[in-house]
Amino acid sequence: MDLPSNTQAHLPVPSVQELAREPLDAVPSRYIRDDVDDPVSNPCNPSLQIPTVDMSRLLDAESQTDELHKLYSICRDWGAFQLVNHGVADELVKSMKEKIGDFFNFPLQEKKRYAQKEGSVEGYGQTFVTSEEQKLEWNDMLFIHALPIEDRNYSFWPERPQGFRETLDSYSGEVKRLAISLLEFMAKGLGLEVHEFSKHFNNGQCHVRMNYYPHCSQPQQVIGMAAHADISGITILLELDETQGLQIRKDGYWVPVEILSGAFLIFVGNIGMIMSNGIYRSAEHRAVVNSLKERITIVTFCYPNTDAIFGPARNLIKPDNPALYKTLSHAEYFNRFFSQDNFYGETQFIDTLKIDA
Ligand code: OGA
Ligand code: NI
C-alpha cells in the first residue's frame, strides 16, 4: 500500500528475506494473521480474470471509441486492469526489473546502507510499524520518492547495482507519462474534458515501492501485503517474473491475478475515485505469498501536484447527482490520511472523505 511518509516514529523489524533464509519450524507469531480470509475465487465464476485494456487501441483513432468505453466500464466495475501495449520501452522495463532483482540479492549489509531513517519510511526496510503488537507483513521493501525531482533524497537511491539510479530516473519519468495519458483517457471515458484529471498531475509526486516477498514455509498463515486500496490517483504495478501473488476483491471474492507477460497492472486509487465522484472505484487488493519462490514487484503511486485542490469533477455533479466526496487540497488529504487513528482499521480511508461523513 502507499505509505505515510512522515509522522510518528516507526519501529525497526527484521528483514523478512533473512528470516525466510533459515529453515523455520514455525513462523514467528507476529507474522501469523487471523484476519486473512481464505483466497477463494467466486464459485459462480471460478475462471474470472481481471480485464485487459490495450493502450494502442486507445491511441488509435479508429478503435478509440470502443476501447474508451471498455476502459470506462472496467474502471467502474473493477477499478483495476491489465494494460498491454503500454508504450514503455521493453529495454527500460527489463533493466528496471534486473536492477531491483540485483539489489535485493545483495547481502543485508549492502542494502542497509539505504535503510529507512527514524521518522520516515523512505528507504530500505519494512512497512510502517508503530507498535509491538502490530501484525507484520511478509515483505521487505525499498521505498523511494522518485518525482518531482526536487523531492529526491539520493541517500536512499542505491549506488549499486551500477545504473540503478539512472534506470529508476528514466523508469519513473516514463511511468508518470503513462499515468498522465491514462488519466486523460479516464476523464474522456466519463465524457469530461480530456485534462480534467491530468491537470492536477503535471508536477505530481511519484513514489516507487519495490517489494520483495520471500517464500514462506507456511504461506497460508501470513500475508505479503494486507488488503487495502491505494490512496494514489493511479498506481502502476510491474511484477518481476509472473510469480502469482496479487489478488483483487471483486463482488466479495478474491480474484487471483495472473499478470500477462509485458503488461502493467493498473489500479485506480482513492483520488481517482474521488475525482470521478465514485463512478470509478478504487479496487481493494492484497498480496499472498507461496512456499517455493520469492516474488518482486515495482509499484509506482502517482499523486497530484502538491498545490492541487481536487474533488469530484464539476461536470459530473447534477442536481440529482450530488457530489459524494469532499474537495480537498493535497495537504489536507494527506493530513487526514496521517491523522487516522488506525491505518489498519475496518474503516476505509475513502469513506472518511464522504460529504456526509
Ligand atoms: C502496493 C501493492 C501489491 C503487490 O504496493 O500497494 O498493492 O503485488 N502491492 O506487490
Ligand atoms: Ni496497493
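Ligands are counted one by one from 1 in listed order, and the atoms in each one are counted from 1 as well. All residue numbers refer to positions in the sequence shown, counting from 1.
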So R152 and L147, do their side chains get closer than 4.5 Å, heavy atoms only?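 Answer yes - side chains close enough.
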Is the ring pair F143/H207 parallel, tilted or perpendicular, if the boundaries are 30 and 60 degrees?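 Rings of F143 and H207: perpendicular, as their planes differ by over 60°.
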Where does D230 meet ligand 1, judged by heavy-atom distances below 4.0 Å: at the side chain, the backbone, both, or neither?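 The answer is the side chain.
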Can you list the ligand 1 atoms lying under 4.0 Å from a non-hydrogen atom of [X]?
X: F301; answer: 1 (C), 5 (O), 6 (O)
X: H228; answer: 1 (C), 2 (C), 6 (O), 7 (O)
X: M225; answer: 1 (C), 2 (C), 5 (O), 6 (O), 7 (O), 9 (N)

Consider ligand 1: state whether an atom of it lies below 4.0 angstrom from any non-hydrogen atom of [X].
X: Y213; answer: yes
X: L237; answer: yes
X: R295; answer: yes

Short side-chain donor-acceptor distance under 3.5 Å, T235 and R209: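 Note: R209 and T235 side chains miss the donor-acceptor criterion.
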E196 and N315: side-chain donor and acceptor closer than 3.5 Å?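 No, because no side-chain N or O of E196 sits under 3.5 Å from a partner of the opposite role on N315.
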Indicate yes or no: does K293 engage D241 in a salt bridge with an N to O separation below 4.0 Å.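 Yes.
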Regarding E193 and K199, does a basic nitrogen lie under 4.0 Å from an acidic carboxylate oxygen?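 Salt bridge: no.
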Which N, O or S atom of D230 lies nearest to the Ni ion (ligand 2), by name: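 Going by distance to the Ni ion (ligand 2), the closest N, O or S atom in D230 is OD1.
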Starting from L59, can I reach F264 by hopping between I/L/V/M/F/W/Y residues whose side chains sit under 4.5 Å apart?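 Yes, it is one cluster - the side chains of F264 and L59 are joined through contacts under 4.5 Å.
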For ligand 1, which is the ligand I care about here, please tell me if H285 has any N or O atom under 3.5 Å from one of the ligand's N or O atoms.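 Yes; the residue has a nitrogen or oxygen that sits under 3.5 Å from a nitrogen or oxygen of the ligand.
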